[in-house]
Structure formats: structure tokens, C-alpha cells
Amino acid sequence: CGKPKDRCFVAEQDTISPIIDRRYAFRYKQDSLSVLIPRYALYESMFYKQQRLDKRVKSDSTVVVLSPVYRLLDRTVPLHSSILVAIKADVPDYLRSRAKLATLTSKGKISLLGGEYSAGQVEAQVRTLGDYFIVADVGLPTIKPKFERGADLSGKESVDIAVKDNVSSISSWAASIDGVWQPLDYHPVRGVVTLSLKGVAKNQTHSLTIRISDSSGNSQTHTTEFKY
């Protein structure tokens, strides 16, 4: 090709697999998986390969697996830009709003890629290749204040509340003290929301309500008390 061998695409003989020429958009549909790879989304041209895997995804009661697992190319192949992946599946009505495309991490854990259900399939823009399948997250977020119920928080300017979700990301958070809305700061790396106590009336027992929602539409509310 006029370049060093390690920079050339060499097509081995393959009479079955189509070739992805990175200079052009590539569309392909097989079984229940369809893909759109935009031009130059790959760093080099290659044969297209996909397969339906005979494997069972390990999940607990908070995640419903809704499709077989499909492998697209190889997870070690880097992408220069996102590609569109869609999987058709018969998703029950009550789970459609929570249906997302997912993959497995190197440790075998479910990781959501996003997307939404429409016209009998879930499609999403993804930035990694590998294994794809559909799941619905039905688990509620967890909320755990870092103080005991009825604790005396006098003198504190703020307090942390631990929040966590199984596979979805935390999407919204809200708090009220004695029914009055209060601002919250979310710190995803630490897994907490911070509540400011500035302006809270002193020498009283207060009611605190925290509401957390995840990106799959699951919400949890926690109510407790503290003294100030």
C-alpha cells in the first residue's frame, strides 16, 4: 500500500464477512441486531463480524435481562466516534420506559449504555465495541443519611447523605426540611449529596425528606429527623 506494513489494511481471504471500509458509512442488519457505523468511526478498515452468544447474563432481582447477548466485532477495537446499535426484542409494556442497551465490564458486571425503546427495539449511540443486550433497571436507588435518626446536628454547617444505584446513574435529587425545599449538591465520585444547614431554625427537631431518582425512572424517598 506504499506505507509500512503495520499501517496497511491487509484483507485476508474471507468470502462470508462483509468489509467495513472506513471511508464510507456502513449499515448492516442480521438476526435482531442492526448497526450503523459512520464513515471514519473506525481507525482502520476491517471485516465485519457479529454473533449471538450462548451465554446467560448474571443479574439480581433489580435488573431484568430482555434479550440475548450479541457480540459486535471485538471490544479491543477502538472507536474514533460513536456508532448506532439497535436490538429488537419483545419488551413488556410496563418495562419499555426502563429498557436500555447494556454491556458487560471486564469483571462481568452490567453497565448501561443508554438508549430508549421505540418501534420494537432499543437503540443507542455507543463508544465501545463488544457485547450488547437489553436490560430494564427496576431497582430503587438507596438513600442512607450519615447520621442516626434524631441526631443532634447543632453547629454543623452541612451534612452528607449517601446515595447509590445498582446500574443506572443518579439523575435527580431533592430535599426539604419541614416541608420547605432545600438545595442539595451531588458529588458522584463520593456517592453523596450534601445538604446545607445554614438558616435552619435552632433548638428544634426538624423533619428531613430526601428524594432520589435514577436515569431509568426509578425513585426513592427517605424521611428522617434531626435536632438543631
Side-chain angles (χ1 to χ4, degrees), residues 56-66 91-118 122 124-127 133-228:
R56 184 179 181 86
V57 178
K58 294 182 180 179
S59 64
D60 57 25
S61 60
T62 65
V63 178
V64 181
V65 179
L66 296 166
V91 179
D93 290 348
Y94 72 99
L95 292 177
R96 290 179 178 178
S97 63
R98 291 174 167 80
K100 307 287 183 183
L101 210 62
T103 188
L104 293 173
T105 67
S106 58
K107 296 182 179 180
K109 294 184 178 181
I110 296 174
S111 175
L112 292 191
L113 298 172
E116 61 181 21
Y117 180 90
S118 178
V122 174
Q125 296 282 345
V126 302
R127 289 298 302 263
F133 51 97
I134 299 173
V135 300
D137 176 12
V138 296
L140 301 179
T142 59
I143 304 171
K144 187 177 181 181
K146 294 194 172 185
F147 60 89
E148 298 294 328
R149 184 180 183 88
D152 188 348
L153 303 181
S154 299
K156 291 183 176 294
E157 293 186 353
S158 64
V159 66
D160 287 343
I161 299 98
V163 295
K164 184 180 179 181
D165 196 80
N166 55 346
V167 293
S168 298
S169 59
I170 301 298
S171 61
S172 67
W173 47 94
S176 64
I177 296 178
D178 301 330
V180 179
W181 177 85
Q182 301 291 326
L184 278 178
D185 291 323
Y186 177 45
H187 308 282
V189 175
R190 294 169 53 204
V192 301
V193 290
T194 300
L195 172 69
S196 174
L197 298 177
K198 293 181 180 179
V200 174
K202 297 181 179 180
N203 302 316
Q204 294 183 24
T205 296
H206 299 278
S207 173
L208 169 64
T209 299
I210 305 288
R211 182 177 176 83
I212 300 294
S213 299
D214 66 21
S215 59
S216 293
N218 304 300
S219 297
Q220 178 76 287
T221 300
H222 180 85
T223 300
T224 188
E225 295 180 346
F226 66 93
K227 297 177 182 177
Y228 198 77

### Query
If you take all heavy atoms of Arg96 and Tyr117, which pair is closest and at what distance?
CD-CE2, 3.3 Å

### Message
On a heavy-atom basis, which atom in Lys164 and which in Ile170 lie closest, and how many Å separate them?
### Response
C-CD1, 4.3 Å

### Task
Give the C-alpha distance, both sets of side-chain angles, the deciding distance and a yes or no for side-chain contact (heavy atoms from CB on, under 4.5 Å) between Leu197 and Leu153.
CA-CA 9 Å; Leu197 298 177; Leu153 303 181; 4.2 Å; yes

## Note on the structure
For Asp152, the side chain to side chain donor-acceptor pair (under 3.5 Å) test, sequence neighbours excluded, returns Ser154

### Polar side-chain atom of Ser171 near backbone of Ser213 as donor-acceptor pair, under 3.5 Å
yes

### Task
Name all residues meeting the side chain to side chain contact (heavy atoms under 4.5 Å, CB included) criterion together with Ser158; count only those two or more places apart in sequence or in a different chain, and write none if there are none.
Thr194

### Query
Looking at Ala102 and Ile110, what are the two nearest heavy atoms and their distance?
CB-CG2, 4.0 Å

#### Entry: Closest non-hydrogen atom pair between Gly139 and Asp165, with its separation
O-OD1, 4.0 Å

### Task
For Gln125, check side chain to side chain donor-acceptor pair (under 3.5 Å) against everything at least two apart and list the hits.
Ser82

### Summary
Interatomic distance, OG@Ser172 vs CZ@Arg211, rounded to 0.5 Å, equals 7.5 Å

### Summary
d(Ile210 CD1, Ile143 CD1) to nearest 0.5 Å is 7.0 Å

### Query
Does Glu116 have any side chain to side chain contact (heavy atoms under 4.5 Å, CB included) partners at least two apart in sequence or in another chain, and if so, which?
none

### Message
Contact between Val63 and Val167 at the side-chain level, heavy atoms closer than 4.5 Å - yes or no?
### Response
yes

### Beyond-backbone contact of Ser61 with Val138, side-chain heavy atoms, under 4.5 angstrom
no

### Summary
Taken to the nearest 0.5 Å, the spacing of Leu113 CG from Arg127 CZ works out to 12.5 Å

### Summary
residues 100-111 vs salt bridge (charged side-chain N to carboxylate O under 4.0 Å, His left out), sequence neighbours excluded, gives none

### Query
Which pair of non-hydrogen atoms, one from Val91 and one from Ala99, has the smallest distance, and what is that distance?
CG1-CB, 4.4 Å

### Task
Sorted by first residue and then second, give each ring pair (Phe, Tyr, Trp, His ring centres under 6.0 Å) pair with at least one member in residues 148-178; sequence neighbours left out.
Trp173-Tyr186

### Query
How about Gln182 and Val200: do any of their side-chain heavy atoms sit closer than 4.5 Å?
no

### Task
Identify, with sequence neighbours excluded, every residue that meets ring pair (Phe, Tyr, Trp, His ring centres under 6.0 Å) alongside His206.
Phe226

### Query
How far apart are the closest heavy atoms of Thr105 and Ser111, and which atoms are they?
CG2-CB, 3.9 Å

### Rounded distance (nearest 0.5 Å) linking atom CD1 of Ile134 with atom CG of Leu101
6.5 Å

### Message
Distance check, rounded to the nearest 0.5 Å: Lys144 atom NZ versus Thr224 atom OG1?
### Response
12.5 Å

### Message
Holding to side chain to side chain contact (heavy atoms under 4.5 Å, CB included), I want the full list of residues that pass it with Asn218, two or more places apart in sequence or in another chain.
### Response
Arg98, Asp137, Leu140, Pro141, Asp214, Ser216

### Task
Kindly write out the residues that satisfy ring pair (Phe, Tyr, Trp, His ring centres under 6.0 Å) with Phe133, not counting sequence neighbours, or none if the list is empty.
none

### Message
Tell me whether the count of non-hydrogen atoms from other residues, nucleotides or ligands lying under 6.0 Å of CD in Glu148 goes above 12.
### Response
no

#### Entry: Non-neighbouring partners of Arg190 that pass salt bridge (charged side-chain N to carboxylate O under 4.0 Å, His left out), sequence neighbours left out
Asp160

#### Entry: Minimum side-chain heavy-atom gap Ile177-Leu195 below 4.5 Å
yes

### Message
Please enumerate all residues that pass salt bridge (charged side-chain N to carboxylate O under 4.0 Å, His left out) together with Asp60, with sequence neighbours excluded.
### Response
none

### Message
Just to verify, what does Phe147 make a ring pair (Phe, Tyr, Trp, His ring centres under 6.0 Å) with, not counting sequence neighbours?
### Response
none

